[in-house]
Amino acid sequence: ESTHPIKISVLKFGTINWTLETIKNSGLDEKNNFKLIVQPLASTQASKIALQANATDIIASDWTWVARQRGSPSNYLFAPYSSSAGSIMVPAQSTIQSIDDLVGKNLGIAGRALDKNWLLLRTLALRNGIDLNKAATKTFGAPPLLNNLIQRNELDALINFWHYSARLKAKGYRELISTHGIIHQLGIHTTVPILGYVFNEEWANKNTIQLNGFLSASREAADLLCTSDKHWNAILPLTRAKDKTTQQMLRNGYCKGRITHFGQKEKQAISDIYTLLYKVGGQKLIGSVKTLDPNLFWNETQH
Amino acid sequence: MNRLTVNIKNKYFPKDGCDEIFTAIKDLYFELSNNEFICIVGPSGCGKTTLLNAIAKLDDDFDGSITMDNESLNENISYVFQTPRLLPWRTVLENIHLAVGEDSALSSITDILQQLGLGDNLHSYPHHLSLGMQRRVALARAFCVPSKLLLMDEPFVSLDQSTARKARQLLLDLWEQQSRNVIFVTHDLNEAIELADRILFLSESPSTVLDDIKISIPRGERTSDNIAEFKQQLKVSNPAIQHLI
Amino acid sequence: MNRLTVNIKNKYFPKDGCDEIFTAIKDLYFELSNNEFICIVGPSGCGKTTLLNAIAKLDDDFDGSITMDNESLNENISYVFQTPRLLPWRTVLENIHLAVGEDSALSSITDILQQLGLGDNLHSYPHHLSLGMQRRVALARAFCVPSKLLLMDEPFVSLDQSTARKARQLLLDLWEQQSRNVIFVTHDLNEAIELADRILFLSESPSTVLDDIKISIPRGERTSDNIAEFKQQLKVSNPAIQHLI
Amino acid sequence: MSRSSFLNSSLSLGLLLIIWQLIAVMLDTSSLPTPILVFDTLLAELNNGELVHHLGITLYRLTISFFLAMFLGVAIGLILGRHEKLNLFFDSWLIILLNIPALVTIILCYIWFGLIETAAIFAVVINKLPNVVVTIREGARNLDEELIEMANAYRFGRNKTLFHVILPQLYPYIMAAARTGLALIWKIVLVVEMLGRSDGMGYQIHLFFQLFDITSILAYTVAFIIIIQLIEVFILQPLDNRSQRWK
Amino acid sequence: MSRSSFLNSSLSLGLLLIIWQLIAVMLDTSSLPTPILVFDTLLAELNNGELVHHLGITLYRLTISFFLAMFLGVAIGLILGRHEKLNLFFDSWLIILLNIPALVTIILCYIWFGLIETAAIFAVVINKLPNVVVTIREGARNLDEELIEMANAYRFGRNKTLFHVILPQLYPYIMAAARTGLALIWKIVLVVEMLGRSDGMGYQIHLFFQLFDITSILAYTVAFIIIIQLIEVFILQPLDNRSQRWK
Ligand SMILES: Nc1ncnc2c1ncn2[C@@H]1O[C@H](COP(=O)(O)OP(=O)(O)OP(=O)(O)O)[C@@H](O)[C@H]1O
Ligand SMILES: Nc1ncnc2c1ncn2[C@@H]1O[C@H](COP(=O)(O)OP(=O)(O)OP(=O)(O)O)[C@@H](O)[C@H]1O
Ligand SMILES: [Mg+2]
Ligand SMILES: [Mg+2]
């Protein structure tokens, strides 16, 4: 068969699906010698199950998860996709001006106690001598639920994923600091990718050409979305945003997060962040893998 | 006065699966007063149990009225059902206590149980008793409850002769001590003649009163010979109820 | 030969709540053969039902053996229990059909029901019948099932005199047509003398055979006078069983 | 359904709708839309065919797993309820099965079988089965021994005893298991579809949840409840009436 | 627990562990760890005190909502089962309550009350209640009318009839509701804690789930199952024995 199929499982309304739709709409897959099969799923957990069950070739995830899975029977690899990262949002008129102001406030945290954004925030606050873990009232919850709660003034500040933050931004909320901001303040002056494609090492070695074709198609599609309104409008329904401001916020965030360069510097930065995370998150987050394995990143040029 | 008036104009049941009805009782009227003891005799399936249930107010879905001294019946009653109807999860004593109330004297209860031959089974559960023993527990329950009206639906079947004799004697003693009206259903005419002041004979359903016979033998003289003779007379004088004798 | 040997050495029940045991039957032995009809008479609670259940193989938790022609009993039996035990969710006809098997003739079943006065209730559910009617259905069921052994536990209580008479006659007819061994428990000695070839008198529990009496009156001559006379003789000749008469 | 009972349920539903409307108006939040909005959405989703597609698939999964779980559950429950020894042995297995989080069984099923239909249905059955078993077991422990003795005396045999003596007595337990079971299975199907399927009501509802689109979630829920209500009125209630005729 | 039944359950659990071990070794995947690994993790979590903390909180929530749901459920189920008219009216409410996805009720509770303890417990009760009601209702429909007539004839009054005549008959239904109920509530608590609490087993298990740490999930599950097994052996089974003494 001439066109080799690649199966990818992603969130139906996730940002990656915008890229994938564009690849298919513009025939970028055929052009790169593969056939894209998208399996939309309803939760990020579902895609991880799919990967473990060998029911899919590629999923989207972050590198902490990939690092933690290292050593379990199958090794996964990470190819960067986006550097869009979460942020801390507060209401526009909020008195909170800096991280130190979070003391005693009701802080919503999307995800769990091991959420990267939250761990990095804690690390930064600790440098100022504040243990946010004790000093703030934490409310963990599902991202959409928290987004709703802050709009009902039940939260003073909210750490959420970037596309949820973007929706808040569109509603006039203020970004206190983004994750990249925190990372910078922690002394790492490189913008690192957060999200990436994750796949099985064995599969990648067998299907190198198709995989690389897919990765370049992905970049191409992302560029199309940022440069061509026609393509952007085609995937607009997937954003499920009704008002123009939100749509614009989402597009800005998406385009800003494109990876332009991924080299030794970035790998080192990620490794440094990983070490930082280990200090706060501990065994739980990292599992038995104490330092980041540099072989975890898929090296496109080498193959 | 203690006068119970039973007046059932019409009692029917819906028939299985169709809109027809089955009339169980029609124009049945009788009275009893002054702590009378009446027996009811009638063919199987004629409506005796239905009648007792109506009197006990367990079933008020009929045309007519049942009154005590011209008021609707509100007093306590005791009812020996056709089946024992004991609570399986309560012991013999507990079953009786529940019906009698907590304040009643334990000794009088155990005394009655003793007389009915259940002295060893005070703490047994009903499922561990023979059917005849269960019936005796139900009897004891009815005897222990103080009431103005005692209803008994074939209470002495499944008992051997000597136990039945004892039970009959106990019933009469009790009735003399705490006088009350008694309605006693039986198929055994000998028993009826031995016990009753009056016997009501009921017809096949829809049942009405066929005959209302006063027992003329004085209570002291109801020997088996006298009873047999009375029965013989009855057969001759009332041919309408011959089939029930 | 058709010879049933009942030999129960020991049958006990655990007593409520303690490790003690209660011996219901001890060293009970009797035989019957050649399609004999025996009646069992004994005080209430002595172990008659327990005995029938053992014979019917519903309870095999006893010491001893019950054999038919020296083999363990495997034949079909019919059993009229002390309570009707009808399936409430099946009609009268369905209840009988289930026991008899589908291939049996409907006409013979309705015929027996008719004779027991249930002709109008073929399609009634048991809950819509009086207790006496339910007992008659149970009788009909036992009569319709072809079997080598018929067990009856006080089958004719709760029936009025004329229905009971009819049922007794039906039983005798049936027994003559399809001869089989019959074990018939009753408290009514008149009934026993009228029906049986032999009467077994049982003692209080732990029950054994007190006496085994052959009825000497020929079947054609069992009038009430003859029965009364036989009873009288029995009382005199066997003082040990006087309390049961 | 007779006319009076139709009137009755209309009244009852009407009252419910009014209460809902009042609360929605009082709260005035996007998280509790008014019934009108929900029904509008329901109609829109019906028209574009999405709802029908996902509802159909979910009903398909629900039906298969319901019958599988009920059939196996009644059989196992009956056996455990009648055999004290077996029950003693398997009781702790049952407790374990009952208390494993749905999440764990679902993940294991998917990883075992792959993300296929069989895995989804198997996961649902595994989750529902112990509930049916426990309910039926209680019923089987409380059968009327007298009737079973009767059946033995008259040599009913295994099948007749099962169908005419035992199952009618288990009827209320089976109905309890069926009624709560439909609801439980539906809830499990929602999770199963969220974790590994690309269609079905659970998949849709979780997508809506990510967008916090409560209106659509409610519209889908209402659609499903209508189906269940129809099953109740046209299957379960007539069954009830038929099998309680003898009372 | 007598010695023989102790032996019995040890055997049964032993067999289960062996099967688990075999499957785990055969599959050789991180998604099904061996029992030894799980018990190691369990011990580690016990030692660092985390497990005890979260287990305690979850048990607290579980206990309150269990008793609330059972108490209300038995009361409502009994009323609906005994009053045909009320039942006709509220039947569709029950069906709706039964079939609203847990997600919806949980979200609404959290939005209504905020992310507080009351909301969590209320959400659990709302989810469990209809199940209890449906089960008890079936039981209440099938009470022995003869015994109730007896109670009426002897003027037992409301309380005596309830405690001595009706509840003992409902016992198997109540036990079915309790046994399946503990499991169901536990599963709902998991979801409730996942969506909006910062502690408890559900919170932890979802944390592990995000890391795909099945071993820890199983360790927590095992801890919970041990508790339930203890409840079964030291509370429910003795209750069973006591209340079935009369058989
Ligand atoms: N399951 C049981 N557990 C304990 N004791 C029992 C059990 N069944 C019967 N018994 C006892 O065994 C004895 C005999 O009971 P059985 O039912 O055989 O009596 P019976 O002769 O049929 O009496 P009746 O004429 O009253 O029916 C009784 O004293 C009863 O208490
Ligand atoms: N719930 C019911 N539905 C329909 N018919 C009924 C119902 N209860 C009783 N009957 C009918 O009413 C008639 C009278 O029944 P009842 O139980 O009063 O008879 P009884 O005189 O007590 O008979 P027995 O001496 O056999 O106990 C019977 O023919 C019976 O079929
Ligand atoms: Mg009657
Ligand atoms: Mg007996």
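In what follows, chains are A, B, ... by sequence order, proteins preceding strands, each numbered from 1.
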Checklist entry - How about E:Phe122: does its CZ atom have over 12 heavy atoms from other parts shown lying under 6.0 Å from it? => result no
Item to check | Contacting region of D:Ile227 [heavy-atom separation from chain E under 4.5 Å] | outcome: neither
Item to check | Interatomic spacing from CD1 in E:Ile95 to CG in D:Leu182 - rounded to 0.5 Å | outcome: 9.5 Å
Checklist entry - Checking heavy atoms, do the side chain of D:Glu145, its backbone, both or neither come under 4.5 Å from chain E? => result neither
Checklist entry - Do E:Arg141 and D:Gln244 have side chains that get closer than 4.5 Å, going by heavy atoms? => result no
Next on the checklist: Which atoms of E:Arg137 are under 4.5 Å from chain D, going by heavy atoms: the side chain, the backbone, both sets, or neither?
Outcome noted: side chain
Item to check | Under 4.5 Å from a heavy atom of chain E, the part of D:Leu236 involved | outcome: neither
Checklist entry - Hey, is the main chain of D:Leu16 close enough, under 3.5 Å, to the side chain of E:Trp93 for a donor-acceptor pair? => result no
Item to check | Spacing of E:Lys187 atom NZ and D:Lys187 atom NZ [to the nearest 0.5 Å] | outcome: 12.5 Å
Checklist entry - Among D:Val191, D:Leu190, D:Leu218, which one satisfies side-chain contact (heavy atoms from CB on, under 4.5 Å) with E:Pro101? => result D:Leu190
Item to check | Heavy-atom closest pair, residues D:Ile100 and E:Thr221 | outcome: CA-CG2, 4.0 Å
Item to check | Option that, when pairs with chain D are counted at under 4.5 Å, heavy atom only, ranks first among E:Tyr173, E:Phe90, E:Phe209, E:Tyr171 | outcome: E:Tyr173
Item to check | Residue selection (most heavy-atom pairs with chain D, distance under 4.5 Å) from E:Gly202, E:Ala176, E:Ala177 | outcome: E:Ala176
Next on the checklist: Tell me if the CZ atom of D:Phe212 is crowded by more than 12 foreign heavy atoms within 6.0 Å.
Outcome noted: yes
Checklist entry - Based on non-hydrogen pairs under 4.5 Å, which of E:Ser92, E:Gly139, E:Ala102 is most in contact with chain D? => result E:Ser92
Checklist entry - Based on non-hydrogen pairs under 4.5 Å, which of E:Asn142, E:Ile226, E:Leu15, E:Leu184 is most in contact with chain D? => result E:Asn142
Checklist entry - So which part of D:Phe89 gets closer than 4.5 Å to some heavy atom of chain E, the side chain, the backbone, both or neither? => result both
Next on the checklist: Report which part of D:Leu98 has an atom under 4.5 Å of a heavy atom belonging to chain E: side chain, backbone, both, or neither.
Outcome noted: both
Next on the checklist: With a 4.5 angstrom heavy-atom cut-off, is it the side chain or the backbone of D:Leu103 that approaches chain E, or both, or neither?
Outcome noted: side chain
Item to check | When E:Ile107, E:Ile217, E:Ile214 are compared by non-hydrogen pairs under 4.5 Å with chain D, the top option | outcome: E:Ile107
Checklist entry - If you tally heavy-atom pairs under 4.5 Å against chain D, which of E:Ile96, E:Val104, E:Leu94, E:Thr135 wins? => result E:Ile96
Checklist entry - Given that the side chain runs from C-beta out, which part of D:Ile174 has a heavy atom under 4.5 Å from chain E: side chain, backbone, both or neither? => result neither
Checklist entry - Distance from D:Ile225 atom CD1 to E:Leu97 atom CG, nearest 0.5 Å? => result 9.0 Å
Checklist outcome for this item: The reported gap from CD in E:Glu138 to OG1 in D:Thr180 (rounded to nearest 0.5 angstrom) is 9.5 Å
